[in-house]
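Worksheet for the structure shown next.
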Amino acid sequence: MHGRPRKPSKPEDAAASAAKAQKLRVLQSQFLHNHQNKIFTKEAVELSAKLLEINPESYTAWNYRKLAVEHYLTLSNSNPESHNSIFDEELRVAESALRQNFKSYGAWHHRKWVFSKGHSSINHELRLLDKFQKADSRNFHAWNHRRFVAALMNISEEDELKYTEDMICNNFSNYSAWHNRSVLLSNLLKKKANGFLLKVKVLPEYEFVHQALFTDPDDQSGWFYHRWLLDQTVKVDSPLLASSWPAHGSDVMLLGDSCPSSPFTNFHSDSGTFPLILYFNQAVEGVNSSTVLVNYELNTIKDLIWKPLSANKSQTAQVWVTQLNFNGVEPKAYSVEVSLGHSQGIISSSGFHYNHPSRFAFRVCVQLVEKGPAKGLGGDVILWRDENFHIYDAHSVESSSVISPDQLSIQNDHETTAFEWRTEAIAKEIDHFRELLSLINCKIGKLTLARLLMAHDTMTCQSPNKTFHLEEVLELYNDLMKLDPSHVQYYKDEHSLVLLQQVTSSKESLLRHCFHYRNLTSSHIGNPICVRLNNLLLSRVGSFDKLLWVQMLDLSHNELQSIEGLEAMQLLSCLNLSNNVLSSFTALEPLRSLKSLKVLNISHNEIGTHSIDTTRHLCSSPLSHSAGSEWNTGEIVNTDIDVKSYWEAYFILKDLNLTQLDIVGNAISGEKFKSLLIKVLPALKWLDGEQLH
Amino acid sequence: MTTSDLPPYPPIDPTTFDLIIIGTGLPASLISASSSAAGKSVLHLDPNPFYGSHFSSLSIPDLTSFLNSHSAPHSDENLTLTTRPLFSDVEISNFAPDLLDQHLRKFNLDLSGPRVLFCADKSIDLMLKSGASQYVEFKSVDASFVGDGDGRLWSVPDSRAAIFKDKTLGLMEKNQLMRFFKLVQGHLSENENNGTENGAKISAEDLESPFVEFLSKMKLPPKIKSYPLDLLLVKVAFLVSSCDIFHVNVDYFVLFSICRIVLYAIAMADYDQENTEIHKDLLKTKDGIDRLALYNASIGRFQNALGALIYPIYGQGELPQAFCRRAAVKGCLYGKNSALVTALMRVGVGPADASDFSAKGRGVEDSGSYKGVRLASGQDIFSQKLVLDPSFTVPWPLSSSPCEQMQDTFQVLSLSDDKVKVARGICITKRSLKPDLLNCLVVFPPKSLFPEQFTSIRVLQLSSNLAVCPSGMFVLYFSALCDEVNQGKKLLHAALDALLQLLVSGNSENSSTFQSEDTEHVEPTLLWSALYIQELTKGGQIGSVSSTPMPDGSLNFNDLLDATEKLFQNMYPNEEFFWETIEPENSEDDGGLMLET
């Protein structure tokens with residue numbers, strides 16, 4: 001029961017419970033004797049009922065009764081009348097147990113079990129449920145059972161919705177009722193999945209939940225429901241391609257060093273291979289050479305191996321990557337076209353198909369092979385000092401060819417019309433909550449407004465007259481950090497993500513973070529643009545869909561605890577994570593997917609400081625199944641390094657091909673560890689600024 | 001009836017008591033139960049064949065005869081105890097004799113309606129404390145409304161759930177109103193805890209200010225009240241400069257503002273709070289907050305109760321009866337029989353009789369003071385103290401010592417104070433005011449029906465599920481405070497007309513065939529009505545004789561209970577008004593009250 005103060009127990013209560021325990025012990029031992037010897041006499045069965053009446057939580061007793069029922073059923077030789085009386089007796093026992101404790105899992109389950117046998121009339125059940133829900137309208141067991149009964153009796157969703165409405169009108173502080181409402185509406189929407197139904201069903205719900213939110217903004221139950229509604233409104237069922245690399249209309253230079261052009265869209269590779277990255281708006285599965293067609297010169301590349309970039313090695317991921325190999329082809333410009341959605345097969349984790357056929361094209365310039373020593377990155381030590389960076393001046397150098405980052409994303413025109421009523425609904429919500437917040441200071445109201453504004457931005461981002469509320473959202477999160485210190489980390493994370501969205505929202509804002517390393521004159525192909533996102537108080541990184549082209553990234557002097565999602569940046573070759581709060585090597589798991597990474601700075605973090613690795617659950621380990629195949633124990637045994645003490649570091653670093661690593665300023669560093677690093681990273685030339693060998 | 005028609009009444013034994021009480025109205029019954037519980041020997045007599053006196057619930061014939069007999073003065077020179085008319089201008093009309101005559105006895109009509117109990121009322125606490133609660137069952141009043149002159153009812157957003165459900169309030173109004181309620185709650189819990197948390201306390205200055213001013217200060221939705229037109233013009237002129245003219249136009253004309261709802265339908269103010277000229281009975285913020293607190297504490301006190309208000313099944317008359325039963329359990333002797341109806345009671349004043357009594361009595365000083373009563377049977381019974389029904393007057397000057405002080409007290413005892421009366425009405429209808437509701441309260445705030453209306457009119461509709469009328473019928477109780485008869489009747493008629501309009505229009509909406517048919521065949525919606533004016537007495541005491549108060553004009557019993565407790569304390573300064581008869585834990589356990597849903 002909710003809202004009842006607990007009364008302190010009195011000495012006589014203690015005596016009573018001791019007596020009860022004594023009685024229970026006797027019953028229990030008798031019962032167990034019956035159970036073990038499979039005694040199903042009338043007396044024995046009655047004894048179990050007595051036991052359950054006192055202690056409805058005795059699950060063994062419920063199971064015993066199930067056995068007893070089976071026993072009597074076989075005896076009664078399919079006489080329907082005796083069947084009914086057997087089951088009715090079970091219902092009676094379960095009911096009296098529930099009277100004792102209406103939150104008894106065993107008793108509710110036993111009732112379900114009886115009904116699943118199909119002999120008992122369920123008509124009485126709703127009346128019983130009414131009684132229990134009157135006693136405690138929030139009892140989730142009763143709500144659970146109600147869903148079961150409603151399904152069994154084929155009660156329409158509409159009728160059940162009416163019931164939840166009545167319950168909410170009695171007391172709107174009822175998570176269970178709101179929850180049931182969301183379940184019922186989801187069922188309705190699932191049955192007839194179309195936008196019209198969503199509009200008709202969801203929009204009035206906003207009106208309804210407003211009554212709760214505005215009457216008492218301090219009550220959370222309505223806010224939870226509002227969040228669910230917002231999700232329903234914003235949610236795009238079918239997966240979409242959000243961005244790709246190479247982007248539509250871009251050039252890829254292979255094996256040459258001329259042609260300076262836009263750093264956002266162009267790429268130089270010496271190896272003759274480059275990654276093709278697909279960035280979806282949600283995690284999908286089924287990306288392969290038959291669902292994604294890559295054509296050049298009118299031929300389809302058949303044997304592409306697509307790899308999902310996900311932390312948990314599942315075959316579902318938001319980012320998919322494959323390697324295109326142009327080694328040994330005739331040096332010229334090729335036009336490559338990628339198309340997907342022409343056939344089914346790409347499916348979102350919630351079961352929706354990618355059904356908007358889309359295509360993009362880019363040019364690959366294969367040039368004559370110039371033999372010579374590899375130059376550029378990796379040869380010299382990279383020093384992440386401010387004086388080594390110069391702001392990238394787009395106007396003076398390559399202004400004409402710079403493509404706005406907007407063009408990096410895939411245009412999905414068909415979505416804009418479908419979003420119209422949704423956008424209107426969100427705009428209305430924004431007005432309502434702005435008004436509410438003008439009167440009162442309400443944490444959850446601010447958070448909701450921030451979410452609404454972000455949803456609005458997302459939905460209008462493809463329309464011509466888009467407006468961005470990012471400033472306002474940042475302001476809201478700043479307020480929340482002060483108002484609600486206990487959830488400051490969450491607000492910081494959200495603030496970071498919004499800030500990155502703001503940085504990547506326009507060419508102008510992004511250019512402010514683009515730098516050249518060393519000096520402008522050395523702006524050759526081996527010296528790409530460095531995106532510097534340092535000193536921004538970031539606790540999380542995001543907006544990777546707009547940063548797929550980045551090869552050099554500075555995230556130093558932030559508050560990063562994790563770099564989740566960074567695995568999407570497949571072109572990354574230099575990464576500075578120094579002066580953050582990364583607390584373990586497992587937090588660096590995304591780096592394992594970055595095959596081009598050469599230069600890594602993780603100095604001045606907290607690696608090794610914490611004895612308990614809080615990020616381990618996000619990350620595979622030698623103990624988890626996913627990593628098992630990669631973990632070759634024999635390989636370690638043969639080396640004389642103390643891998644056991646540093647298995648996390650070993651696990652993350654062993655696949656990397658680093659030439660430069662800075663790790664100073666972490667608890668883990670030391671001579672022993674350094675010797676491990678040198679063994680694990682054979683290509684390493686610079687360690688903590690010192691040249692090796 | 002005369003005494004000679006009656007069979008001889010068996011003599012009462014013993015003949016000496018601590019206390020004799022005449023009349024079984026609620027105050028008398030409370031004193032009886034409390035005195036008995038305190039160990040006093042009590043003889044409780046009632047001239048009527050039923051319990052409750054002016055607080056009883058009666059069938060149509062009994063009610064009619066009670067009203068009629070109590071609206072004309074009885075004079076019998078044999079009596080030293082005379083009755084006085086406490087009712088006047090009784091108008092009883094039967095519009096459907098054919099239908100009603102079969103059911104006349106199936107009604108339990110309250111003489112002192114409309115009256116309900118708040119779940120957190122003192123009376124409920126007292127019933128739990130005394131054990132009287134075991135004899136009464138209650139049901140919830142489903143909803144309360146504010147009515148207007150056009151026959152529309154507006155629901156009263158009196159609780160969180162009601163604000164949530166309300167369809168007339170805007171979102172921001174809901175927010176403001178709920179915050180106001182929370183402010184009140186915060187203030188109350190601050191008072192309890194003496195904490196310094198959040199400064200939610202209302203300032204002492206505000207507490208002394210008129211409640212209506214406090215409400216406008218709280219900006220309870222911008223539409224504060226209906227300003228008189230000239231005042232409004234001033235307001236408009238003032239606000240034009242602050243660029244707020246649209247606001248004024250829209251908001252200040254709204255009659256049923258939240259403020260008025262709070263004042264009249266939750267704080268239940270009797271008199272016009274907004275008219276600055278009258279200044280009668282202006283509610284202070286402190287008292288207003290207390291009333292809101294009572295309302296607030298009432299909601300949700302009992303799990304089965306839907307709102308703040310409950311009503312006893314079988315009528316108000318159950319309450320005095322329940323206390324009488326408690327008294328009987330504690331040893332009180334009841335003389336309630338038709339043999340006593342003739343009210344042939346005498347104050348025994350003869351000095352000749354005094355000898356045997358004065359030996360015991362402390363309070364008997366001189367000849368001429370009270371020492372006992374003579375019953376219709378002729379038997380003389382003696383007691384130290386006497387408590388009288390308000391309909392009895394004691395022609396005290398027949399005692400030999402009419403000193404000045406006594407005369408003053410006597411005024412209190414016998415006369416209605418400051419000329420205020422209650423206009424009451426009872427109607428029996430065929431239809432509910434709201435088709436989907438059975439029991440509900442309607443308040444017509446001052447000025448809602450006509451400009452000169454300066455008091456609230458309250459209407460309570462009860463249905464057959466409270467066992468007060470046959471099924472398919474409804475009983476409506478009306479009451480309003482008034483200064484004189486015509487004014488009172490005007491108030492009742494205005495409310496009655498407004499509600500009848502609603503009942504008729506409700507009917508035509510319900511069935512389209514209704515209008516086309518010959519209206520003569522249509523049963524009248526209003527079946528029966530009784531309108532009457534009741535005097536107010538507050539009760540009082542001279543020497544060892546006390547008089548109990550009449551039912552007052554308020555909606556609950558709180559003021560009456562306070563008056564009764566005071567009376568009891570004067571009679572027995574060393575006794576507690578109701579010793580707890582049950583263990584305190586049990587009485588706090590609200591399960592002790594029977595509430596049907």
Side-chain angles (χ1 to χ4, degrees), chain A residues 1-5 7-10 12-13 130-139 164-174 177-178 204 206-219 221-222 225-226 428-442 444-445, chain B residues 140 142-143 155-186 189 192 198 200 218-222 247 258 296-297 299-307 436-437 583-586 588-591 595-597:
Chain A
M1 205 83 68
H2 293 94
R4 300 269 159 127
K7 281 179 188 165
S9 60
K10 279 173 257 161
E12 56 260 38
D13 291 345
D130 274 344
K131 241 188 250 169
F132 282 118
Q133 282 178 317
K134 206 160 259 169
D136 182 355
S137 60
R138 296 189 265 196
N139 179 1
T164 61
E165 192 178 325
D166 292 346
M167 295 299 279
I168 289 167
C169 280
N170 283 342
N171 180 7
F172 62 82
S173 181
N174 188 334
W178 288 111
Y206 276 114
E207 196 57 40
F208 187 53
V209 75
H210 283 161
Q211 311 306 318
L213 300 185
F214 281 75
T215 301
D216 192 356
D218 295 339
D219 186 87
S221 52
Y225 187 66
H226 188 270
K428 252 189 221 162
E429 291 303 289
I430 290 172
D431 290 345
H432 275 309
F433 289 109
R434 278 194 179 138
E435 196 184 1
L436 180 69
L437 291 171
S438 72
L439 272 183
I440 57 160
N441 210 359
C442 166
I444 197 156
Chain B
S140 257
D142 306 317
S155 64
V156 176
D158 53 4
S159 66
R160 225 165 80 111
I163 296 173
F164 174 81
K165 273 186 276 189
D166 194 286
K167 293 205 167 65
T168 56
L169 290 171
L171 289 176
M172 297 316 287
E173 290 167 331
K174 290 188 172 195
N175 184 256
Q176 280 168 314
L177 184 59
M178 191 62 209
R179 271 191 295 138
F180 172 70
F181 284 158
K182 280 191 172 175
L183 176 80
V184 173
Q185 278 164 26
S189 60
E192 270 174 31
N198 301 332
M218 285 296 106
K219 298 207 183 101
L220 260 196
H247 213 62
I258 297 300
N296 180 55
I299 290 170
R301 178 177 180 186
F302 302 113
Q303 226 185 0
N304 290 342
L306 296 169
D436 49 341
L437 284 177
E583 289 180 336
E585 303 145 46
N586 292 345
E588 271 170 33
D589 181 12
D590 296 328
L595 208 93
E596 278 211 351
T597 48

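Letters go in sequence order (proteins before strands), and every chain restarts at 1.
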Quick one: pull up CG in B/Leu171 and CZ in A/Phe433 and give me the separation to the nearest 0.5 Å. 9.0 Å

Nearest-0.5 Å distance that lies between atom CE in B/Met178 and atom CD1 in A/Ile440: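 These two atoms lie 12.0 Å from each other.
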
Crowded around A/Lys428 NZ? As in, over 12 foreign heavy atoms under 6.0 Å?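 Counting other residues, nucleotides and ligands, NZ of A/Lys428 stays at 12 neighbours or fewer.
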
Check the angle between the aromatic planes of A/Phe172 and B/Phe164 and answer parallel, tilted or perpendicular using the 30° and 60° thresholds.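 Ring orientation of A/Phe172 relative to B/Phe164: parallel.
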
With A/Asp216, the side chain to side chain donor-acceptor pair (under 3.5 Å) member among B/Arg160, B/Arg179, B/Lys174: B/Arg160

Of all residues at least two apart in sequence or in a different chain, which pass the side-chain contact (heavy atoms from CB on, under 4.5 Å) check with A/Asn170?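 With neighbours one apart ignored, the set is empty.
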
Sequence neighbours excluded, which residues qualify as side-chain contact (heavy atoms from CB on, under 4.5 Å) partners of B/Ala143? B/Phe145, B/Leu437

Atom of B/Ala161, atom of A/Cys169 and distance for their closest heavy-atom approach: CB-O, 3.5 Å

When only pairs under 4.5 Å are counted, which of A/Asn171, A/Leu213, A/Ile168 shares the most heavy-atom pairs with chain B? A/Ile168

